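Lettering follows sequence order; numbering is per chain, from 1. Model, not experiment: these values are computed from the prediction.
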Amino acid sequence: MDTTPLEVLKESIFHLLRAGHDLPAGDPVPFRIGPSPERKFGHFSTNVAMAYAKVLKTPPRQIALSLVKGLEALPDIESVSIEGAGFINMLLKPSYFQERVLRILQGEYTANFSLFPPDPIQIEFVSANPTGPLTIGHGRQAVLGDVLSSVFQKAGAALTREYYFNDAGKQMKLLSRSLWVRYNRLCGSEYEIPEGGYHGEYLSGIAEGLYREKGDAYRDRWDDSIEALFTERAKNEIFQMIKRTLESIGIRFDVYYTEGSLFRDGTVDEVLRQLRDREALYEKDQALWFKTSDFEEDQDKVLIRSDGMPTYFLTDIAYHYAKYRRGFSKVYDIWGADHHGHIARMNAAMRALGIPEGFFNVILHQMVSLRQNEEIVKMSKRSAHFVSLDELVQKVGKDAVRYFFAMVDKDSQFEFNIDLALSRSMDNPVYYVQYAVARIHSLFENARNKGLLFAEFQNINRLDSEDETFLIRDLLLFPEIIREICATQQIHRLTNYLYGLAYAFHNYYTGHVFVDLKQPELSNARLNLASACQKTIAEGLKLLGVSAPERM
RNA sequence: GUGCCCGUAGCUCAAUUGGAUAGAGUAUUAGACUCCGGAUCUAAAGGUUGUGGGUUCAAAUCCCACCGGGCACGCCA
């Protein structure tokens with residue numbers, strides 16, 4: 001699909017404006033057309049008159065008045081009114097909506113858009129280190145990334161979902177040692193978990209497996225090869241755990257990219273060479289520094305420590321350099337707000353490497369905090385203070401988890417009250433939306449049982465009441481939501497929309513009989529309407545990764 | 001201290017990105033067809049949008065200053 005219903009209307013309005021006024025040169029003033037807030041204001045309304053008041057040096061109401069005649073002459077318009085400061089409200093003819101119901105049934109408005117150029121893009125998200133199970137914090141990001149990816153794809157993006165896997169560096173060393181301490185405890189030797197190490201219970205399970213297999217072969221023994229063995233063991237088992245968790249909420253990545261590969265294939269050296277050639281590096285206190293301050297308002301950063309170990313920042317630069325070399329035209333990193341300080345220096349590095357502006361993009365989201373007994377606690381894997389995503393999925397299920405995380409604006413931090421989330425699982429609005437789909441399915445079952453033969457696309461002209469045109473109006477907003485999400489990355493607009501649509505349907509359902517053998521044509525028309533609702537809601541749920549069950 | 005995000009009904013969150021009388025869910029109260037699924041629907045009540053200024057036809061939204069919360073300011077990731 002290329003043009004949405006609202007864009008068509010907007011275009012007509014702009015034509016009328018241009019025909020009746022001398023528009024000043026330059027960019028057109030942005031204005032809005034959308035569903036009217038109340039029925040008494042018609043189906044759609046626009047603020048075009050207010051938007052242009054300043055440049056035309058004309059009072060808004062006067063501009064609005066100048067457009068009324070032209071609007072009323074349009075074939076789809078029933079009537080036009082001007083309200084308030086200069087809102088133009090439009091009531092459209094039933095024929096307009098009847099024609100569009102057919103398009104919905106044919107799948108036109110739920111088809112893919114072409115908002116994106118055909119060049120490959122990438123979204124990278126979750127990318128949690130394999131040092132422990134995923135938490136509900138990761139759950140939020142996982143859902144945000146996955147739904148955003150689906151929406152981008154719906155909008156025509158050639159998109160790769162990617163998970164960056166930190167399998168090298170200091171954290172792995174700490175993890176390895178933490179596991180070794182657990183293992184030794186089983187053997188009967190007591191050691192301290194290192195400073196900054198991992199205290200979570202999940203390591204005990206891995207240690208037990210190791211102990212069962214190898215006995216006390218590594219008791220009180222610690223060298224490079226044993227460290228490597230413990231690293232491998234911990235990393236692999238935890239990563240499988242993470243994959244299983246993601247799978248349980250329906251998330252699969254196209255690519256898992258490992259940090260280690262950047263060393264093996266020479267990307268890290270290549271990046272250092274390039275930065276050196278561009279004179280963006282210097283040595284100080286036996287460490288190698290990047291001149292971040294040459295490119296951004298930020299302090300210089302260490303790339304290689306005085307002990308020769310590369311920093312996370314260096315490999316991260318190399319990783320993004322590799323993304324560019326792999327041919328993506330644009331990449332999006334989804335980061336929690338705790339990483340926002342990293343943005344400026346990453347931009348600095350991209351610039352230093354000559355990577356074009358706009359290639360590297362960050363989508364930030366706020367944190368999930370945990371409420372326990374009136375106290376907000378920070379989740380941390382290292383301190384083992386967290387609620388695991390697995391626990392939540394097991395208690396409330398995949399659909400509720402996905403909807404739950406998708407419905408909150410990514411820029412709002414939200415307090416997660418675990419007891420509330422678990423005890424009120426049945427109040428999750430996902431069931432409200434799903435119920436609409438199930439209800440429609442049973443309507444068709446009912447029609448069949450009563451012997452009413454459903455004819456798709458037939459009797460649409462019987463959909464002519466206000467209740468019907470307004471319901472169809474809501475259906476037509478679906479493509480607008482896709483556009484808005486692409487522009488704002490706010491996936492909660494989708495849950496808002498679906499909830500509103502489900503509400504509109506439930507409301508209509510209560511006031512109208514769908515299957516009435518005495519009125520077979522009207523019934524058939526309404527079943528077509530129900531089908532259009534089902535199609536639209538199901539498409540939205542699909543983007544959310546939530547099931548649209550026929551029965552609940 | 002500096003930078004970023006946030007502050008909306010008792011609680012959890014919205015508000016078409018500057019628009020019309022700030023809305024839903026939940027909790028409370030009162031109701032709904034002997035009929036297509038009551039996991040639904042209708043209504044009441046609930047607000048000085050943290051505070052004080054400013055910008056304009058119009059501010060929860062933009063600007064400034066305070067207050068409060070979160071996050072970041074490492075040779076951690």
Side-chain angles (χ1 to χ4, degrees), chain A residues 32-38 41 45 47 50-51 53-54 59-61 83-87 89 127-129 131 166 169-171 174 196 284-289 297-299 301-307 309-313 315-316 336-344 364-367 369 376 378 382 407-409 411-417 420-421 424 426-429 431-432 434-436 438-447 449-450 477 480-481 484 487-488 490 492-493 495-497 499-500 502-503 505-516 523 526 530 551-552:
Chain A
R32 195 177 62 71
I33 174 166
S36 306
E38 287 181 63
F41 297 138
S45 54
N47 66 346
M50 283 103 99
K54 192 158 274 170
R61 285 191 72 99
E83 303 281 346
F87 288 100
N89 299 320
S127 296
N129 290 349
T131 54
N166 278 110
K170 202 166 178 172
Q171 292 308 311
L174 285 169
K284 194 180 87 180
D285 306 329
Q286 280 97 52
L288 187 68
W289 295 71
E297 294 276 325
D298 202 359
Q299 292 164 0
K301 294 288 161 192
V302 169
L303 295 185
I304 297 181
R305 301 184 183 90
S306 49
D307 65 3
M309 282 266 284
T311 60
Y312 156 85
F313 184 39
T315 52
D316 214 24
D338 54 343
H339 286 66
H340 95 269
H342 196 54
I343 297 175
L364 274 187
H365 64 88
Q366 291 300 307
M367 312 298 281
S369 56
I376 310 263
K378 181 176 155 56
R382 296 183 205 182
M407 66 187 282
V408 181
D409 187 344
D411 293 323
S412 293
Q413 54 203 43
F414 77 93
E415 283 176 21
F416 188 89
N417 186 325
L420 217 60
R424 294 211 189 138
M426 280 308 280
D427 294 331
N428 191 305
Y431 299 105
Y432 182 87
Q434 288 177 321
Y435 184 53
R439 238 182 179 177
I440 293 167
H441 182 260
S442 86
L443 277 179
F444 279 89
E445 215 164 40
N446 188 262
N449 292 340
K450 287 183 178 168
L477 301 176
E480 305 300 332
I481 302 301
E484 285 171 13
T488 64
Q490 292 172 325
H492 73 284
R493 286 161 181 267
T495 55
N496 277 357
Y497 171 70
Y499 189 87
Y503 170 77
F505 174 77
H506 285 311
N507 214 3
Y508 180 87
Y509 177 96
T510 314
H512 301 79
V513 178
F514 279 84
V515 181
D516 181 0
S523 297
R526 287 180 175 169
R551 271 171 239 285
M552 303 175 62

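Between B:U16 and B:A59, the distance separating the two P atoms is 15 Å to the nearest Å. To the nearest whole angstrom, the two C1' atoms, one in B:A24 and one in B:U40, are 16 Å apart. Between B:C64 and B:C5, the two P atoms lie 11 Å apart (nearest whole Å). To the nearest whole angstrom, the two C1' atoms, one in B:U56 and one in B:C13, are 30 Å apart. When the P atom is used for both B:A9 and B:U49, the distance is 10 Å, rounded to whole Å. Comparing the same atom, C1', in B:U28 and in B:C11 gives a spacing of 13 Å after rounding to whole Å. For the C1' atoms, the distance from B:U55 to B:C62 is 8 Å, rounded to whole Å. A distance of about 12 Å separates the P atoms of B:U61 and B:C6, rounded to the whole Å.
In this structure, the side chain of A:Arg61 does not engage the main chain of A:Ala85 through any donor-acceptor pair within 3.5 Å.
A:Ser306 contributes a side-chain N or O that forms a donor-acceptor pair with the base of B:C75 under 3.5 Å. Donor-acceptor pairing under 3.5 Å, judged by distance alone, is absent between the side chain of A:Thr311 and the base of B:A77. Donor-acceptor pairing under 3.5 Å, judged by distance alone, is absent between the side chain of A:Asp409 and the base of B:A15.
The listed nucleotides are B:C57, B:C5, B:A77; the one nearest the side chain of A:His342 is B:A77. Among the nucleotides B:C36, B:G3, B:G38, the one closest to the side chain of A:His340 is B:G3. Ranking B:G19, B:A77, B:C75 by closeness to the A:Trp289 side chain, first place goes to B:C75. When distances run from any side-chain atom of A:Tyr499 to the nucleotides B:G37, B:A24, B:C5, the shortest one goes to B:A24. Here the nucleotide nearest the side chain of A:Asn507, chosen from B:C57, B:U42, B:A20, is B:U42.
No engagement by A:Ala487 is indicated, since no non-hydrogen atom pair under 4.0 Å with the nucleic acid exists. Using a 4.0 Å heavy-atom distance criterion, A:Pro59 is classed as making no nucleic acid contact. As judged by a 4.0 angstrom heavy-atom cut-off over every strand, A:Asn496 is placed among residues touching the sugar-phosphate backbone only. Nucleic acid contact class of A:His492 (heavy atoms, under 4.0 Å, all strands): sugar-phosphate only.
Both key distances under 3.5 Å define a Watson-Crick or G-U pair, and stretches of 3 or more such consecutive pairs in RNA chain B run B:1-7 with B:67-73, B:10-13 with B:23-26, B:28-32 with B:40-44, B:50-54 with B:62-66.
Note on A:Asn428: every side-chain N or O is 4.0 Å or more away from OP1 and OP2 of B:A39. An OP1 or OP2 oxygen of B:A77 is reached within less than 4.0 angstrom by a side-chain nitrogen or oxygen of A:Arg305. Contact annotation: A:Ser412 reaches the phosphate of B:A14 (side-chain N/O to OP1 or OP2, under 4.0 Å). The side chain of A:Tyr509 places no N or O atom within less than 4.0 Å of a non-bridging phosphate oxygen (OP1 or OP2) of B:U42. Between B:G38 and A:Arg439, a contact under 4.0 Å exists linking OP1 or OP2 to a side-chain N or O.
In this structure, A:Phe87 packs face-to-face on the six-membered ring of B:A20, meeting both the 5.5 Å centre cutoff and the 30° plane limit.
Partners of A:Ser127 according to the side-chain hydrogen bond (donor to acceptor under 3.5 Å, both in side chains) rule, which considers only residues two or more places apart in sequence or in another chain, are A:Glu124.
The two residues A:Asp411 and A:Leu364 come nearest to each other via the heavy atoms OD1-O, 4.0 Å.
By the 6.0 Å and 45° rule, A:Arg439 does not stack over the aromatic ring of A:Phe505.
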